[in-house]
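Taking it in order: structure first as structure tokens, then the write-up.
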Number of protein chains: 2
Amino acid sequence: MTEGRPGFELPLLLLAGFRALIDRLNAELARQGHPDVRPVYGFAMQAIGLDGASASEMGRRLGVSKQAAGKTVDRLEELGYAERVDDPVDGRRKLIRLTPRGIDALGRSAIIFDELRADWAATLGVDRLADLEDALRTAVGSAELRVDTVSWFGT
Amino acid sequence: MTEGRPGFELPLLLLAGFRALIDRLNAELARQGHPDVRPVYGFAMQAIGLDGASASEMGRRLGVSKQAAGKTVDRLEELGYAERVDDPVDGRRKLIRLTPRGIDALGRSAIIFDELRADWAATLGVDRLADLEDALRTAVGSAELRVDTVSWFGT
DNA sequence: CCATTTCGACAACCACGTTGCCTATTTTAG
DNA sequence: CTAAAATAGGCAACGTGGTTGTCGAAATGG
């Protein structure tokens, strides 16, 4: 404990890094024709995936209730990013699928994330960034990369 | 772009690190007699500080409207962490001050954050953690350490 | 065949943010 | 010194994203 650095900066730096990336992602997505995609929707689309998913399944993946997932799907549907289809096998289920527009947004997100990471690599150096990632992986340990952040933060 | 690592992991790692720290902070605070402190309240108390602040000032510091800050103060008041006092100098203002309980929570938070950072240092090595912090500082650049994360995320 | 589980939807509610508007007060200009 | 502008804080209405509880319909397992 002979260190001079205060502990409270560490979480703020992590949060600032996260925010910086997501802000730039959304700015770039907006520029590329997706002005309505909010961070939450990005995570939700990720949870749907290219294979589609049911609302209950989405809820489990996002760590929220199926009702909350259903509401998010409502929004995605309004925005034209997802659609509900009756499941031919299971009469209770509605399969949620990404529309071509949703798939486009998801694909662009992946590319933009790669570009942002490349920016960081250019700024920090490839090795240093890789070590940063490794260090984080070590520090967070087995903690899953959960995504139910909104509710977690507020509640 | 010859790197194999996908870009989307970087934000998730940063978020997971942040979550891990805040979750442990709140668990420890709960154990030490502050079960009601939510992440949001911790940031809000930080914004009040030991010298107190007005609601408008809080809003500016947190990056939210003065009304939103006022609502948060309502909660902190209910929980006994803050109080409103008439400003003797400016009849419009109400000075928001931390109660002894609020100061206690804030002090414990600082200690816990230091302990958590020490844990990371023990896991990663002191130099590696310091480099992680430096790298993040470099990468986020002048981006302020804003704290209006709930609204930012959702909106 | 019936009991249990699961799915999706609806309703009521809560937390936290927003804008717009209002009054009281302070500050600033003329 | 006074009139105008800026600021503080509170109120109302609303949006969004959660939560539980309930329900009917459809699957599933004895």
Side-chain angles (χ1 to χ4, degrees), chain A residues 19 22 26 36-48 52-79 81-97 146-155, chain B residues 19 26 36-45 47-48 52-79 81-97 146-155:
Chain A
R19 284 200 55 155
I22 300 293
N26 281 89
D36 298 319
V37 177
R38 304 271 157 250
V40 191
Y41 303 155
F43 284 117
M45 287 194 278
Q46 202 77 43
I48 297 171
S54 70
S56 295
E57 180 59 28
M58 268 183 76
R60 282 189 289 266
R61 289 182 191 170
L62 294 172
V64 301
S65 65
K66 59 182 180 173
Q67 292 89 334
K71 287 193 191 180
T72 302
V73 173
D74 290 344
R75 295 275 142 59
L76 289 176
E77 234 177 354
E78 286 168 21
L79 294 170
Y81 286 103
E83 58 185 359
R84 286 181 167 94
V85 191
D86 286 324
D87 188 315
V89 183
D90 188 331
R92 298 166 305 175
R93 288 179 26 123
K94 299 235 172 122
L95 186 64
I96 296 149
R97 280 191 320 209
R146 294 188 74 200
V147 155
D148 59 330
T149 303
V150 183
S151 66
W152 158 76
F153 204 86
T155 303
Chain B
R19 282 199 56 155
N26 282 89
D36 298 320
V37 177
R38 304 271 155 250
V40 190
Y41 302 155
F43 286 119
M45 287 195 278
I48 296 172
S54 70
S56 295
E57 180 59 27
M58 269 184 75
R60 281 190 288 266
R61 289 183 191 168
L62 294 172
V64 301
S65 65
K66 59 181 180 175
Q67 291 91 333
K71 288 191 190 181
T72 302
V73 174
D74 290 343
R75 296 274 144 59
L76 289 176
E77 235 177 353
E78 288 167 22
L79 294 171
Y81 286 103
E83 58 184 0
R84 287 181 167 93
V85 190
D86 285 326
D87 188 316
V89 182
D90 188 332
R92 299 167 302 178
R93 289 179 26 127
K94 298 236 172 119
L95 186 63
I96 296 149
R97 281 193 318 212
R146 294 187 74 199
V147 154
D148 58 330
T149 304
V150 184
S151 68
W152 159 76
F153 205 87
T155 304

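A, B, ... follow the sequence lines: proteins, then strands. Residue 1 opens every chain.
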**Asked** Start at the 5' end of DNA chain C and walk down; is the nucleotide closest to A:G70 or to B:D90 reached first?
**Response** A:G70

**Asked** Hey, what do you get for CZ (B:F43) to CG (B:L62), rounding to the nearest 0.5 Å?
**Response** 9.5 Å

**Request:** Verify, without hydrogens or angle tests, whether A:R61 (side chain) and A:A47 (backbone) share a donor-acceptor contact under 3.5 angstrom.
**Result:** yes

**Asked** Does B:R93 make a side-chain N or O approach to OP1 or OP2 of C:dT25 shorter than 4.0 Å?
**Response** no

**Request:** Using the side-chain contact (heavy atoms from CB on, under 4.5 Å) rule, pick out the option among B:E83, B:E57, B:M58, B:M45 that qualifies with B:I96.
**Result:** B:M58

**Item:** Toward the 5' end of DNA chain C, by each residue's nearest nucleotide, A:I96 or B:A69
**Value:** A:I96

**Prompt:** Out of D:dA25, D:dG9, C:dT26, which has the shortest distance to the side chain of B:R92?
**Reply:** C:dT26

**Message:** As a test of reading the structure: which of D:dG18, D:dG9, C:dG17 is closest to the side chain of A:K71, going by heavy atoms?
**Reply:** D:dG18

**Prompt:** Which whole-number value in Å describes the distance from A:F43 CZ to D:dG17 C1'?
**Reply:** 15 Å

**Message:** Without decimals, in angstroms, what is the distance between A:R75 CZ and C:dA9 P?
**Reply:** 14 Å

**Item:** Length of the line joining B:L95:CG and D:dA8:C1', which is rounded to integer Å
**Value:** 13 Å

**Prompt:** Has B:Y41 got a side-chain N or O lying under 4.0 Å from the OP1 or OP2 atom of C:dA15?
**Reply:** no

**Message:** Keeping A:D86 on the side-chain end and A:R93 on the backbone end, is there a donor-acceptor pair under 3.5 Å?
**Reply:** no

**B:R60, nearest nucleotide to its side chain (from C:dG8, C:dT18, D:dA8)** = D:dA8

**Asked** Between B:Q67 (CD) and C:dC21 (P), how many Å, whole number?
**Response** 13 Å

**Message:** Taking the minimum atom-to-atom distance to the side chain of A:K66, which one of C:dA9, D:dA8, D:dT16 wins?
**Reply:** C:dA9

**Request:** Give, for atom OG of A:S54 and atom CG of A:D87, the distance between the pair rounded to the nearest 0.5 Å.
**Result:** 8.5 Å

**Asked** Rounding to a whole Å, what distance do you find between B:D87:CG and C:dT25:C1'?
**Response** 12 Å

**Request:** On DNA chain D, check which nucleotide each of A:V89 and B:E57 is closest to and give me the residue with the more 5' one.
**Result:** B:E57

**Item:** Of A:P88 and A:T72, the one whose closest DNA chain D nucleotide lies more 5'
**Value:** A:T72

**Asked** Roughly how many Å is it from CG in A:D36 to C1' in D:dG15, rounded to a whole number?
**Response** 15 Å

**Request:** Can you tell me the distance, in whole Å, between the CE atom of B:M58 and the P atom of D:dA8?
**Result:** 14 Å

**Selected nucleotide, minimal atom distance to A:R84 side chain, candidates C:dA9, D:dG17, C:dT25** = C:dA9

**Prompt:** Within the modelled atom types, does a donor on one side and an acceptor on the other bring the side chain of B:K94 and the base of D:dG9 under 3.5 Å apart?
**Reply:** no

**Request:** Answer yes or no: does a side-chain N or O of A:S54 lie under 4.0 Å from OP1 or OP2 of C:dC7?
**Result:** no

**Request:** Inspect the contact between A:D74 and A:R84 and indicate whether a charged nitrogen and a carboxylate oxygen are less than 4.0 angstrom apart.
**Result:** yes

**Prompt:** Atom CG of A:D74 to atom P of C:dA9: distance rounded to whole Å?
**Reply:** 8 Å

**Request:** Select one nucleotide: of C:dT19, D:dT19, C:dC7, the one nearest the side-chain heavy atoms of B:S65.
**Result:** C:dT19

**Message:** Considering every strand and a 4.0 Å limit on heavy-atom distances, what is the contact class for A:A68: base, sugar-phosphate, or nothing?
**Reply:** base

